[in-house]
Amino acid sequence: HPSRKTQMIREVKTAPDFHSLISSTQPVLIEWYSPTCGACIRFDSQLEQLSNRFREVIFAKANVNDLRDLMAQHNVAVTPTFTLFARGRQLGQTIEGGNLGSLTSLIEQHATQQQQQQQQQQQQPQMSGASKVIDRRHITMEEAQTMHVHELKDHLQTWGVKEDELGTYRDKSELVHLLMEKQS
């Protein structure tokens, strides 16, 4: 479909970026890779296809050379290795190597399950007088630039920007600028 944009695969640069990303309520697939890993490079096109198939999942790459402590914490021994997270917790098994079948099964099993749980939570009647928990954490400029427009808009709403006001912003850079302004 020509109007369907390719989903961006994010690059995780720092431990705080990593922890922020895996805390998402959306499932997040991390590929632990090395720029010199031939199997990682060969798997890139398949990872891109998966990211376009499973649009409810955030796809990200973590360079093991830059994130050695995290690599050790998550028992990453080979590249590529894939780990699926949501709400800061690992979902399912770690997948070592570029096994497309195993990776697809992991995503189908857990991402679909995660999505169903979110839908059930949204359908549950709200208690009267219950206050909504607002995630108003600070986002770095670098992190904001890797976010999708809808994620930026959602985050801006936690900072009190009204939805109709957000409609007046035409491009992502304006939204990033507004977010930095609201957080300062």
Side-chain angles (χ1 to χ4, degrees), residues 1 4-122 135 137-152 154-155 172:
H1 195 271
R4 198 164 179 196
K5 287 190 176 173
T6 300
Q7 178 171 302
M8 185 177 70
I9 298 175
R10 298 181 188 188
E11 180 79 27
V12 178
K13 302 258 189 218
T14 65
D17 287 347
F18 174 83
H19 291 294
S20 173
L21 188 60
I22 69 167
S23 298
S24 170
T25 56
Q26 272 183 279
V28 178
L29 182 76
I30 301 287
E31 176 192 6
W32 302 91
Y33 81 101
S34 169
T36 58
C37 162
C40 302
I41 295 164
R42 287 190 298 279
F43 199 77
D44 279 350
S45 64
Q46 291 172 310
L47 191 65
E48 191 173 312
Q49 289 171 356
L50 285 173
S51 75
N52 289 319
R53 178 175 169 194
F54 297 102
R55 298 184 83 69
E56 70 279 8
V57 176
I58 297 169
F59 285 76
K61 296 173 73 111
N63 184 336
V64 294
N65 300 323
D66 298 336
L67 302 167
R68 293 216 180 270
D69 290 345
L70 285 174
M71 179 185 159
Q73 287 170 23
H74 292 278
N75 302 313
V76 175
V78 300
T79 55
T81 292
F82 298 90
T83 318
L84 188 65
F85 295 92
R87 294 186 168 89
R89 293 191 345 262
Q90 183 175 335
L91 306 175
Q93 297 293 317
T94 296
I95 308 285
E96 291 184 342
N99 185 325
L100 186 61
S102 298
L103 193 53
T104 303
S105 295
L106 174 74
I107 295 168
E108 283 175 341
Q109 179 185 355
H110 293 283
T112 307
Q113 195 176 60
Q114 192 76 15
Q115 201 173 24
Q116 288 169 346
Q117 287 174 354
Q118 284 180 347
Q119 286 171 348
Q120 286 171 352
Q121 288 172 353
Q122 290 169 355
D135 176 17
R137 63 187 173 80
H138 279 266
I139 303 289
T140 65
M141 172 68 87
E142 187 175 282
E143 187 181 1
Q145 290 171 335
T146 66
M147 294 171 81
H148 292 281
V149 169
H150 69 89
E151 292 172 309
L152 284 166
D154 289 349
H155 198 73
K172 184 176 170 178

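Between Leu47 and Leu29 the shortest heavy-atom distance is CD1-CD2, 4.0 Å. Closest heavy-atom contact between Ala15 and Leu67: N-CD2, 3.9 Å. Between Ala86 and Thr25 the shortest heavy-atom distance is CB-O, 4.3 Å. Minimum interatomic distance between Gly97 and Val78 (heavy atoms only, all atoms of both residues): N-CG2, 4.5 Å. Shortest non-hydrogen contact noted between Pro80 and Gly98 is CG-N, 3.9 Å. Counting all heavy atoms, side chain and backbone alike, Ser34 lies closest to Asn63 at CA-OD1, 4.4 Å.
For the atom pair CG (Leu106) and CD (Gln93), the distance works out to 8.5 Å, reported to the nearest 0.5 Å. Interatomic distance, CG of Leu103 versus CD1 of Ile95, reported as 6.5 Å (0.5 Å rounding).
Looking at Ile58 and Arg10, their side chains come closer than 4.5 Å, going by heavy atoms from C-beta outward. At a threshold of 4.5 Å between non-hydrogen side-chain atoms, the residues Phe43 and Leu100 count as touching. In this structure the side chain of Leu70 reaches within 4.5 angstrom of the side chain of His19, judged on heavy atoms. Looking at Phe82 and Leu50, their side chains never come closer than 4.5 Å, going by heavy atoms from C-beta outward. Between Thr83 and Ile22, every side-chain heavy-atom pair lies at or beyond the 4.5 Å cut-off. By the 4.5 Å heavy-atom criterion applied to side chains, Ile107 and Pro27 are not counted as neighbours.
Annotation: side chain to side chain donor-acceptor pair (under 3.5 Å) contacts of Thr14 (sequence neighbours excluded): Asp17. By the side chain to side chain donor-acceptor pair (under 3.5 Å) test, Ser102 pairs with Asn99, sequence neighbours left out.
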task = Could you walk me through whether Glu108 and Arg53 pass side chain to side chain contact (heavy atoms under 4.5 Å, CB included), step by step?
result = CA-CA 10 Å; Glu108 283 175 341; Arg53 178 175 169 194; 2.6 Å; yes
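Electrostatic pairing of Lys61 and Glu31 counts as a salt bridge here, judged by a charged N lying under 4.0 Å from a carboxylate O.
Put simply, the side chain of Asn52 gets close to the backbone of Glu48: a donor and an acceptor are under 3.5 Å apart. Using a distance-only test at 3.5 Å, with no hydrogens or angles considered, no donor-acceptor pair links the side chain of Gln73 to the main chain of Asn75. When atom types are taken as modelled, the side chain of Gln26 and the backbone of Glu56 share a donor-acceptor pair closer than 3.5 angstrom. Formation of a donor-acceptor pair under 3.5 Å by the Ser20 side chain with backbone atoms of Pro16 is not found in this model.
Taking a 6.0 Å sphere around CD of Glu11, one finds it holds more than 12 heavy atoms contributed by other residues, nucleotides or ligands.
Between Trp32 and Phe18, the ring-plane angle classifies as tilted under the 30° and 60° cut-offs.
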